[in-house]
Amino acid sequence: MNQPQSVDSLDAAMRLAIEHSYQVKGTTYPNPPVGAVIVDPQGRVVGVGATEPAGGEHAEVLALRRAGGLAAGGIAFVTLEPCNHYGKTPPCVNALIEARVSMVVYAVDDPNAIAGGGAGRLQAAGVQVRSGVLADQVAAGPLREWLHKVRTGLPHVTWKYASSVDGRSAAADGSSRWISSEASRSDLHRRRAIADAIVVGTGTVLADDPALTARRGDGSLADRQPLRVVVGMREIPPEAKVLNDDSRTMVIRTHDPMEVIKALTDRTDVLLEGGPTLAGAFLRAGAVNRILAYVAPMLLGGPITAVDDVGVPTIARALRWQFDGIDRAGPDLVLSLVPHGGQG
């Protein structure tokens, strides 16, 4: 039998909980993708868990079950404040109190008025509580989209695009395969597999005939596929790949981004992958919560830019964004941006 893993700090234990929350992202709706870790009084990890699909167990309950009696006197690390209400399962605070943990450490307060209040209930039962540990990493990571949905009632929209370093999405002759590297495309398919929907315009369907599916490295379909959403007034041919049986497809006859958002209120994580016209419309409407740019180290020049008019007549009226992450995917940079002074 393997020896239990040990952790030497609150941050290390919370990072492990975050890792487990990422593993279930995209599978838990309408529940949040939460990770939990139980550490015994000697600092050993004795139980881990992550939220199961709707109707299944929450992360804390799974982690406590795996820890068994070793949880007594230990510390529970959870990415979200433990819930304090009866839904399809009992409150997680009940399980934590019954397990006799000495402390609960969590990252982010639960903004849900129905489920919140877990921290106060734990403290009333004599359990020590510490909040805010790695809160920024959780709020900008596995819980980003869910927190936005709870706070606004609307899905979180990420505009994803690939461009050359000079902002071109295609060469002058219209060719665009492949601007981004294989590593970037693999990263995109991973993100598609955890998204709830992908939105493109009819122009993209007519020009590129994309399948808009999530695929594994060997080209096979991922187990989970997002809803494919086609926006615009033009008809698309019945043989278009976006209408095949690989996933479900919704066609929305509108040019209004807010109508699209309202049609997707049952979703949480939406990827906007349309061309420059659709991207410009969503940006003008203030309907983009995050930008995810795959920037390749090449120069193309020419007239085909990643986005069309965004309603900026002068530099003083520029749409201001701020970086909240810069990563690498092979030779490419992956830039994550959120509105300046706002939440993604």
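Nothing fancy with the numbering, it's 1 onward along the sequence.
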Would [X] end up clustered with [Y] when hydrophobic side chains under 4.5 Å apart are linked, directly or stepwise?
X: Val93; Y: Leu62; value: no
X: Leu292; Y: Trp178; value: no
X: Val251; Y: Met258; value: no
X: Leu154; Y: Leu147; value: no
X: Val312; Y: Leu337; value: yes

Search all heavy atoms of [X] against all heavy atoms of [Y] and return the closest pair with its distance.
X: Leu10; Y: Arg130; answer: CD1-NH1, 3.0 Å
X: Ala193; Y: Ala222; answer: CB-CB, 4.2 Å
X: Ala195; Y: Pro226; answer: O-CB, 3.6 Å
X: Val108; Y: Ala139; answer: CG2-N, 4.2 Å
X: Ile97; Y: Ala125; answer: CD1-CB, 3.6 Å
X: Glu57; Y: Val61; answer: OE1-CG1, 3.5 Å

So [Y] and [X], do their side chains get closer than 4.5 Å, heavy atoms only?
X: Gln225; Y: Asp246; result: no
X: Glu273; Y: Leu188; result: yes
X: Val104; Y: Glu60; result: no
X: Gln322; Y: Val338; result: yes
X: Met103; Y: Val129; result: no
X: Asn94; Y: Arg121; result: yes
X: Arg191; Y: Thr158; result: no

How many angstroms lie between atom [atom1] of [X] and atom [atom2] of [Y], to the nearest 0.5 angstrom?
X: Asp327; Y: Asp187; atom1: CG; atom2: CG; value: 8.0 Å
X: Ile291; Y: Leu272; atom1: CD1; atom2: CG; value: 10.0 Å
X: Leu96; Y: Leu122; atom1: CG; atom2: CG; value: 6.0 Å
X: Leu134; Y: Tyr106; atom1: CG; atom2: OH; value: 14.0 Å

Can you confirm whether more than 12 heavy atoms, excluding those of [X], are under 6.0 Å from its [atom1] atom?
X: Arg224; atom1: CZ; value: yes
X: Asp218; atom1: CG; value: yes
X: Glu182; atom1: CD; value: no
X: Arg216; atom1: CZ; value: yes
X: Arg253; atom1: CZ; value: yes

Would you check if there is a donor-acceptor pair between the side chains of [Y] and [X] at a distance under 3.5 Å?
X: Asn112; Y: Asp110; value: no
X: Thr254; Y: Glu259; value: yes
X: Ser9; Y: Asp11; value: no
X: Asp332; Y: Ser180; value: no
X: Arg192; Y: Thr213; value: no

What residues form a side-chain hydrogen bond (donor to acceptor under 3.5 Å, both in side chains) with Thr249, not counting sequence neighbours? Arg228
Look only at the side chain of [X] and the backbone of [Y], and say whether a donor-acceptor pair between them is shorter than 3.5 Å.
X: Glu81; Y: Gly118; result: yes
X: Ser181; Y: Ser184; result: yes
X: Ser21; Y: Ile18; result: yes
X: His189; Y: Arg215; result: yes
X: Arg66; Y: Val48; result: yes
X: Asn289; Y: His156; result: no

With Ile261, the side chain to side chain contact (heavy atoms under 4.5 Å, CB included) member among Asp256, Val270, Val157: Val157
Residues 198-211 side chain polar contacts: donor-acceptor under 3.5 Å, at least two apart:
from   : atom 1 : to     : atom 2 : distance (Å)
Thr204 : OG1    : Gly275 : N      : 3.3
Asp209 : OD1    : Lys241 : N      : 2.9

Please table the atom pairs, donor to acceptor, closer than 3.5 Å between any side-chain atom in residues 298-311 and protein atoms at least two apart or in another chain.
from   : atom 1 : to     : atom 2 : distance (Å)
Thr305 : OG1    : Val307 : O      : 3.0
Asp308 : OD2    : Thr277 : OG1    : 3.0
Asp309 : OD1    : Gly311 : N      : 2.8

Enumerate donor-acceptor pairs with a distance under 3.5 Å from any side-chain N or O in residues 25-39 to protein atoms, sequence neighbours excluded.
from  : atom 1 : to     : atom 2 : distance (Å)
Lys25 : NZ     : Gly141 : O      : 3.4
Lys25 : NZ     : Glu145 : OE1    : 2.9
Thr27 : OG1    : Val24  : O      : 2.6
Thr28 : OG1    : Asn31  : O      : 2.7
Tyr29 : OH     : Lys149 : NZ     : 3.4
Tyr29 : OH     : Asp266 : O      : 3.1

Test side-chain contact (heavy atoms from CB on, under 4.5 Å) applied to Val229 and Ile252, step by step: CA-CA 7 Å; Val229 181; Ile252 305 177; 3.7 Å; yes
Tell me the ring pair (Phe, Tyr, Trp, His ring centres under 6.0 Å) pairs involving residues 279-328, sequence neighbours left out?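 Pairs touching residues 279-328 that pass the test: none.
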Taking only residues at least two apart or on different chains, which pairs with a member in residues 159-172 satisfy side-chain hydrogen bond (donor to acceptor under 3.5 Å, both in side chains)?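 Of all non-adjacent pairs touching residues 159-172, those that pass side-chain hydrogen bond (donor to acceptor under 3.5 Å, both in side chains) are Ser164-Asp166.
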